[in-house]
Amino acid sequence: MSCYEHSETKMEPRPPGVIPIELKNGARVKAADIAPQGVYRPNYNVLTPNMRSPEYVQMSTAAALTLGIMSGRMYRCECTRCLNLLLTYPEGCRANCAYCGLARHREAERDYADRNFIRVDWPAVPLDMTIDIVAKDGAKSPFHRMCISMITHPRSDADAVTVLKKWTERINPAAIPVSILSNPTTMARDDVKRLHELGADIFTVALDAATPEIFDRTRGKGVQSPHSWKKYWEILMDARDIFGPQKFGAHIIVGMGETEHDVLTLVQRLVDLGGHSHMFCFFPEKGSLMDHLPATPRGQWRRVQLARYLIDYRGVRVEQMKFDGEGRIADFGLPQGELEGIVSEGVAFRTSGCAGKFRDDVSACDRPYGDSPPSNIASFPFAPNKGDLRKIRRQLQS
Ligand code: SF4
């Protein structure tokens, strides 16, 4: 498939359906009001218990395996280095982002705690149990970072604060730093300040879309969702002022209809502001409003991954790169030998996100198989080996 088949017009979400009133806002879960007992593992065939933050949080399957809460193995990975704690409520996220498995339009189909998100299940776990395990592990903890992931919910701001306070009471944030994956729609500058004062290390804003038009179409008015590009940028700029250089960033999903030039212009803008970009390869999440659309062609993804790495960590500027008439990278702006050395190192193709303890350009947040199946890895949660690099080189040319 060529990257041209991935044109803007084709990456159109389907319209959200009408939700019967008796299924709105987690009504079924709240009416049954079943008390949770310990860890809840997503199971589509049962009514979920009535769990809410801050008592409960959800975590990725990889984090639950690493904590020893679930048993199993991950393909070529021993553990994840980032403990993502996702706030949870029976009402779920009140936004409707077209690519997201947690979106509101799924109310009729799945209880919130049963929804897949970035391709995996998210078990719900008591916060105290989670903190106890990490505190007990002390310096031996496999985690390099913890991330509080907010969703669009009226309780989200207050509960992010409570989770952060409870965590830092038991775990030194210098030992395991905390990131905030924010929800700008419900936040004000003072909320950003508060999280910084309470010891959060990095603040990120999930722009997700690379342009205002794609933002509006996939997570604004286009899908009856409350977010606005303007508000997201306001909070991003607040984070820049309050958290400072290298301590703020933006999530971007590659392959939702933007050109390679569009996304790299945004990456450059973030670097010029003093921040970082954290990239995701578009994957048609099951049950989402974009689940009928193609995953990002690997050629497009690899080129953007490499160029983003050069801009973020190797001082290359987007203006040095050359693009063809379709906005596709034709030249990375580095001599071939130098570029080849960077490709061979493989770091450019690893998952991007907030840094861990290995090195500045290696993310703690490795999200194993969050944006692709293991059979065709988009973001490598580990260092790619020789065979992987051969495949990456072929993909870069496709
Ligand atoms: S705000 Fe975040 S969690 Fe909610 S639907 Fe959008 S992407 Fe998903």
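Side chains included, hydrogens not; waters and symmetry mates left out as well; all remaining heavy atoms used. Here the structure is a predicted model, which is why all the values come from computation and not from measurement. Counting convention: from 1, in listed order, for ligands and their atoms alike. Just so you know, residue 1 is the first one in the sequence shown, and it goes up from there.
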Open item on the list: If we count only N and O atoms by modelled type, under 3.5 Å, do the side chains of His105 and Asn96 hold a donor and an acceptor together?
Closed with: no
Task: Reported NE2-to-OG1 distance for the pair His153 and Thr185, which is rounded to 0.5 angstrom - done: 14.5 Å
Task: Cationic N near anionic O, under 4.0 Å, Asp132 to Arg170 - done: yes
Open item on the list: Heavy-atom distances under 4.0 Å decide this one: backbone, side chain, both or neither, for Arg104 against ligand 1?
Closed with: neither
- [ ] Considering heavy atoms of the protein only, find what lies nearest to atom 2 (Fe) of ligand 1 and give residue, atom and distance to 0.1 Å.
- [x] Arg219 NH2, 4.2 Å
Task: Heavy atom of the protein closest to atom 8 (Fe) of ligand 1 (residue, atom name, distance) - done: Cys100 SG, 2.3 Å
Open item on the list: At a threshold of 2.8 Å, where the distance has to be below it, does atom 6 (Fe) of ligand 1 have an N, O or S atom of His227 nearby?
Closed with: no
Task: Protein contact of atom 6 (Fe) of ligand 1 - nearest heavy atom, named by residue and atom, plus distance - done: Cys97 SG, 2.3 Å
- [ ] Report yes if the side chains of Arg76 and Pro374 come closer than 4.5 Å at any heavy-atom pair, otherwise no.
- [x] no
Open item on the list: Quiz question: by atom type and distance under 3.5 Å, do the side chains of Asp111 and Tyr44 form a donor-acceptor pair?
Closed with: no
Open item on the list: Could you tell me, atom by atom, which parts of ligand 1 come under 4.0 Å of a heavy atom of Thr152?
Closed with: 1 (S)
Task: Test: Arg94 and Glu107 ion pair at under 4.0 Å - done: yes
Task: N, O or S of Cys93 under 2.8 Å from atom 4 (Fe) of ligand 1 - done: yes
